[in-house]
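One structure is given here, and the rest of the page talks about it.
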Amino acid sequence: MLIYDDLGKRIATSTSGLKLKIEKTDIEIDSRGFADFVVKTFKFKDHPVSDITALSDAIAKLDFVEECSSTGGYLNIKVKAEKLYSIIDDAISGVGMYPETFQDPERVVVEHTSANPTGPIHVGRIRNSIIGDSVARIFARYGYRVSTHYFVNDSGKQVMALYEGFVRYCKGCELTVENLLHGYQEIYRHMEELGGETAVIGPLLKRYELPDVKLLEEIKGACSVVLKNIKETLGQLHVNIEDYIWESGFLQSEELVEVFERLGTHIKEEKKAKFLEMPWGKKEYLVRSDGTKLYLVRDLAYHLFKTEHFDVIVDVLGEDHRDYAKTLGYVLPDLMELDKRFEFLIYSFISLEGSKLSTRQGNIITVEELIKKGLEEASRIVSEKGNDYDEKTREKIAKEVAVASIRFNVVRVNPQKAIVFRWGEALNTEGDSAPFIMYSYARSSSILEKGEPSEKRKSSYGKEEKALLWNMYLFPDFIEKSMNSKRPDLIASYALALTKTFNDFYSSCQVNVAEDDIRGTRRRIVEMYRTIIKDAAGMLGINMLERM
RNA sequence: GGGUCUGUGGCCUAGUUUGGAUAAGGCACCGUCCUUCUAAGUCGGUGAUCGGGGGUUCAAAUCCCCCCAGGCCCGCCA
């Protein structure tokens, strides 16, 4: 959990002795520029005006309240800038961050990406990784003990097609991603002439479940090659997944046995096939008529495994898995009686304008390609700026800018909303973008680097200083909201809004040329901003640069 | 066909959970500001009956109903 001086809560508490008591939820953060906090008093119709006045007076008396005025059914509360300053200053002086994180004993696992290792990761898939990685970072920032998982599918028809395609169309070739992908696309192109999926993959499935250890190893080997490529790509985007859990590991596992035990009498049978019946009428199959097991079983075993180590299990899934998530959300707690928190973060797809993304059909834009173009674009911009940075510095700037831009342009959109991939937007570096944030950070670094420090502090604050302090004060609120709703885009909007208020401050408040007390205060405000914006960007996997 | 999610200026996005004070940003376009700490920036301007229609309410982008358009799902695939 987060620890900070919650002024809204203090206002609510202070009204406990009044006729009109308000809750923290009655105190809203103003978004229209009337005040800092706002209370909608028109909601309290059954209270006489005198109660509202008493409420207003009580709030106005609080030591951190600058002003509390009642107008047109609203209570507009303005907080003292010096209070905001000291709240943030104290936290950063004490623990180096605002707000402070109190380690929660609950263990959280975020499973994300989990793309079939049948080819390089493409732009349609990357949203999963970016959202998943950001959510994991936000949970960790909030105070949970977080781990990340990638569930590697090396047991299904797709990977068998990958293996078989390589054997048939690339016999004797070197085991590379390109050759594997070629074989994979070829086998799907010729599937009809070969007699269909059952004829081609069926025999492999049987051998797989025996299990034929040699086959298992060979398939896993093929998957490893592709997975290595995926890992490298993810790493470039600062997505580092802690554990890769192999699906084949559950084939003969204790967990798999326990899944069947726990499901017990819930399992129905029809023509030797085993299935579960959902309350909404759907049948979910566990075992085929020929005795081979379906993905659901292995995934249930994997989830059982997760409950042995974690308290909160978060799955990041594409919208095509919405119904599947509903199934898991029912089977795990209700049929298997697992008493843990299962949460599903469903996101909509990134589509290509006019065409559909498909690894099988070869219609993809790979993330490698996206990063490459992003790097070229960023390098071009860095050169154009005409700074006197050396080659190494330029490369570093271009790399971080490219990665940050790509991540930001994906993460800033509400996961629920679909994204159409457009090059111009994917690599956007102006306006509402990562470089806009990074640039203001670089400027703040420059301010601190150039001027003289001062221990003196001033006692009054200007409009822009106050606005910046207020927005910084609100940081914990946004961390909480984005954690609770599993929406990293809220952190992205926050970072943009905070940067805008910093830019206002920057353009109207001179720091280094000011008198000692003003300079001392302003430099400290700049330090606070740097700490907070870097923290926020960090939750989105964006690394700040001291200069750019 | 059934289910589900989405629809906000020319384009992209926030606001919808918990209905209220001028619908907020960005891109593009027009104009402003580098002899003040980095112009990837700043300031100003043009531009929205919030998909359409009904309803509830003193009050609707927000809640309810119907319709339209688009995404996704409806496998003994994963």
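Computed over heavy atoms, backbone and side chain alike; hydrogens, waters and symmetry mates excluded. Chain A is the first sequence line, chain B the second, and so forth, proteins listed ahead of strands; every chain is numbered from 1.
- Each of U6(B), C72(B), A14(B) was ranked by its minimum atom distance to the side chain of Phe349(A); first place goes to C72(B).
- Contact annotation for Gly72(A): no contact, since no heavy-atom pair falls under 4.0 Å across all strands.
- Ion pair Lys466(A)/Asp36(A) flagged as a salt bridge, since at least one NZ, NE, NH1 or NH2 atom sits closer than 4.0 Å to an Asp/Glu carboxylate oxygen.
- Between Lys500(A) and Asp432(A) there is a salt bridge, since at least one side-chain N of the basic residue sits less than 4.0 Å from a carboxylate O of the acidic one.
- In this structure, Tyr74(A) counts as stacked on the base of A21(B) under the 5.5 Å centre distance and 30° plane angle limits.
- Met548(A) comes within 4.0 angstrom of a nucleotide base, judged by non-hydrogen atoms across all strands.
- Taking the six-membered ring for Trp, Tyr74(A) and Phe42(A) have ring centres closer than 6.0 Å.
- Note: NZ (Lys481(A)) to P (U16(B)) measures 9 Å, nearest angstrom.
- C76(B) atom P lies 6 Å from atom OH of Tyr285(A), rounded to whole Å.
- Taking the side chain of Glu430(A) as heavy atoms from C-beta on, and the options C37(B), C76(B), G41(B), the nearest nucleotide is G41(B).
- Residue Tyr506(A) and nucleotide G41(B) are not classified as a stacked aromatic pair, given the requirement of ring centres less than 5.5 Å apart at an interplanar angle below 30°.
- Side chains of Val287(A) and Phe260(A) form a contact here, defined as non-hydrogen atoms less than 4.5 Å apart.
- Rounded to whole Å, the separation between the P atoms of A48(B) and G52(B) comes to 14 Å.
- Note: CG (Asp432(A)) to C1' (A14(B)) measures 9 Å, nearest angstrom.
- Residue Lys157(A) places none of its side-chain N or O atoms closer than 4.0 Å to OP1 or OP2 of A78(B).
- At the phosphate of C5(B), neither OP1 nor OP2 sits under 4.0 Å from any side-chain N or O atom of Gln416(A).
- Nearest nucleotide to the Gln510(A) side chain, out of A40(B), C73(B), U36(B): U36(B).
- Distances from the side chain of Asp30(A) to the nucleotides U42(B), G75(B), A21(B) place A21(B) closest.
- In plain terms, the two heavy atoms of Phe349(A) and Glu319(A) that are nearest each other are N-OE2, 3.4 Å.
- Salt bridge status for Lys24(A) with Asp6(A): present, with a side-chain N to carboxylate O gap under 4.0 Å.
- Taking the six-membered ring for Trp and thresholds of 30 and 60 degrees, Phe37(A) and Trp470(A) have ring planes more than 60 degrees apart, a perpendicular arrangement.
- Using atom P as the reference point in both A61(B) and G71(B), the two lie 28 Å apart (nearest Å).
- Going from atom CG of Leu276(A) over to atom P of C76(B) covers 13 Å, rounded to whole Å.
- Side-chain proximity of Glu425(A) to the nucleotides U42(B), G75(B), C12(B) is greatest for C12(B).
- Using a 4.0 Å heavy-atom criterion, one finds that Asn512(A) contacts the bases of the nucleic acid, with or without backbone contacts as well.
- Among the heavy atoms of the strands lying under 4.0 Å from Lys45(A) is at least one base atom, whether or not backbone atoms are also near.
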Which dot-bracket string describes RNA chain B (Watson-Crick N1-N3 plus N6-O4 or O6-N4, or G-U N1-O2 and O6-N3, all under 3.5 Å; [ ] crossing; | other strand)?
(((((((..((((......[...)))).(((.(.......).))).....(((((..]....))))))))))))....
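- When distances run from any side-chain atom of Asp320(A) to the nucleotides A40(B), A78(B), C72(B), the shortest one goes to C72(B).
- Remark: Arg530(A) engages Glu546(A) in a salt bridge, criterion side-chain N to carboxylate O under 4.0 Å.
- Using the six-membered ring where Trp is involved, Tyr188(A) and Tyr184(A) have ring planes that are perpendicular, over 60° apart on the 30 and 60° scheme.
- Regarding contacts with the backbone of G25(B), every side-chain N or O of Arg412(A) stays at 4.0 angstrom or more from both OP1 and OP2.
- The separation between Glu23(A) atom CD and U18(B) atom P is 16 Å, rounded to whole Å.
- Taking 4.0 Å as the cut-off between side-chain N and carboxylate O, Asp477(A) and Lys481(A) count as a salt-bridged pair.
- For the OP1/OP2 pair of U16(B) and a distance below 4.0 Å, the side-chain nitrogens and oxygens of Arg487(A) include no atom meeting the criterion.
- Between the His122(A) side chain and the Gly124(A) main chain, a donor and an acceptor come within less than 3.5 Å of each other.
- Residue Lys417(A) is in base contact, counting any heavy-atom pair closer than 4.0 Å across all strands shown.
- In this structure, Val38(A) reaches the bases: a heavy-atom distance under 4.0 Å links it to at least one base atom across the strands shown.
- Comparing A78(B), A39(B), A40(B) by their nearest atom to the side chain of Leu294(A) picks out A78(B).
- Spacing of P atoms, C58(B) relative to G15(B), comes out at 29 Å, to the nearest Å.
- Counting any heavy atom pair closer than 4.0 Å across all strands shown, Asp154(A) reaches no nucleic acid atom.
- Val511(A) comes within 4.0 angstrom of a nucleotide base, judged by non-hydrogen atoms across all strands.
- More than 90° away from 0 lies the glycosidic angle of C29(B), which makes this nucleotide anti.
- Using a 4.0 Å heavy-atom cutoff across all strands shown, Arg298(A) reaches sugar-phosphate atoms only and no base atom.
- Summarising the geometry, the separation between CD1 on Ile350(A) and P on G70(B) is reported as 22 Å, rounded to the nearest angstrom.
- Here Glu247(A) lies in heavy-atom contact (under 4.0 Å) with sugar-phosphate atoms only.
- Picking from A78(B), C37(B), G25(B) the nucleotide with the shortest atom distance to the side chain of Asn153(A) gives A78(B).
- When rounded to the nearest whole Å, the span between CD of Glu319(A) and P of G71(B) equals 11 Å.
- Within the nucleic acid shown, Lys274(A) has no heavy atom closer than 4.0 Å to any nucleic acid atom.
- Judged by distance alone, with hydrogens and angles left aside, Asn503(A) brings no side-chain donor or acceptor close enough to the base of A39(B) to form a pair under 3.5 Å.
- Nearest-nucleotide positions on RNA chain B for Arg322(A) and Arg32(A) put Arg322(A) closer to the 5' end.
- Nearest-nucleotide assignment on RNA chain B puts the 5′-proximal partner with Ala418(A), out of Val401(A) and Ala418(A).
- Asn414(A) comes within contact range of the sugar-phosphate backbone alone, with a heavy-atom separation under 4.0 Å but no base atom that close.
- Counting non-hydrogen atoms under 4.0 angstrom, Asp299(A) reaches nothing in the nucleic acid.
- Residue Asp323(A) has its side chain nearest to C73(B) when only C73(B), C74(B), C37(B) are considered.
- Among the nucleotides C37(B), A14(B), A78(B), the one closest to any side-chain atom of Ile447(A) is C37(B).
- Rounded to an integer number of Å, the gap from Met278(A) CE to G2(B) P is 24 Å.
- Taking each heavy atom of Ala514(A) and Arg519(A) in turn, the nearest pair found is O-NH1, 3.4 Å.
- Atom name C1', nucleotides U62(B) and G7(B): the rounded distance is 14 Å, in whole Å.
- Under 3.5 Å, the side chain of Ser289(A) and the base of C76(B) form at least one donor-acceptor pair of N or O atoms.
- Within 4.0 Å of Arg519(A), counting heavy atoms only, lies no atom of the nucleic acid at all.
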